[in-house]
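Here is the structure we will look at, set down as structure tokens.
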Amino acid sequence: MTTYNIPAKYRALVYSVFGIVSLVLSSLTVWYGAVNSDLPTWLIGANAVVVFVGAAIGYTARANVTREDDPDPEPAALVQATEGEQ
């Protein structure tokens with residue numbers, strides 16, 4: 001599997017922009033539903049694009065997760081786990 005080392009500051013920016021765009025579009029969708037109005041064509045299309053792009057963003061996020069990102073367990077937790085196995 002090929003992974004790309006995308007710096008965290010760029011990933012954070014992409015994730016933030018994506019989150020804001022998703023929030024705005026979903027809020028508009030909910031508002032149109034609440035006022036019992038038909039969704040505009042541009043909003044339907046924009047939601048479809050956000051869902052499509054979300055798959056790529058999720059794949060990129062997953063590809064940039066490494067085992068080094070996992071915190072080390074506390075030594076006391078290791079001792080308790082070992083004692084509980086006996």
Side-chain angles (χ1 to χ4, degrees):
M1 178 172 96
T2 302
T3 59
Y4 302 97
N5 190 8
I6 300 171
K9 66 180 181 178
Y10 297 124
R11 286 183 279 141
L13 176 64
V14 169
Y15 301 153
S16 297
V17 169
F18 182 76
I20 291 168
V21 169
S22 297
L23 181 63
V24 168
L25 289 176
S26 60
S27 297
L28 286 171
T29 302
V30 169
W31 182 79
Y32 275 100
V35 297
N36 202 23
S37 180
D38 292 336
L39 293 176
T41 304
W42 68 267
L43 184 56
I44 295 169
N47 276 315
V49 170
V50 166
V51 169
F52 180 76
V53 171
I57 290 177
Y59 177 77
T60 301
R62 174 60 186 101
N64 282 283
V65 173
T66 62
R67 297 292 285 160
E68 291 82 36
D69 291 338
D70 293 336
D72 290 331
E74 294 293 324
L78 290 175
V79 171
Q80 290 173 354
T82 305
E83 291 174 349
E85 293 172 1
Q86 295 177 1

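In what follows, every heavy atom counts, from backbone to side chain, and hydrogens, waters and symmetry copies are set aside.
- Residue L25 forms a side chain to side chain contact (heavy atoms under 4.5 Å, CB included) with just one option from V30, V49, I20, V50, and that option is V50.
- With sequence neighbours left out, F52 forms a side chain to side chain contact (heavy atoms under 4.5 Å, CB included) with no residue at all.
- Every residue two or more places apart in sequence or in another chain that forms a side chain to side chain contact (heavy atoms under 4.5 Å, CB included) with Y15 is listed here: R11, I57, A61.
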Side chains of residues 33-42: which donor-acceptor pairs under 3.5 Å do they make with residues two or more places apart or in other chains?
none

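- Residues V17 and L28 share a single hydrophobic cluster, defined by chaining ILVMFWY side chains whose heavy atoms lie under 4.5 Å apart.
- Legend: side-chain hydrogen bond (donor to acceptor under 3.5 Å, both in side chains) pairs involving residues 17-35, not counting sequence neighbours, sorted by first then second residue: T29-N47.
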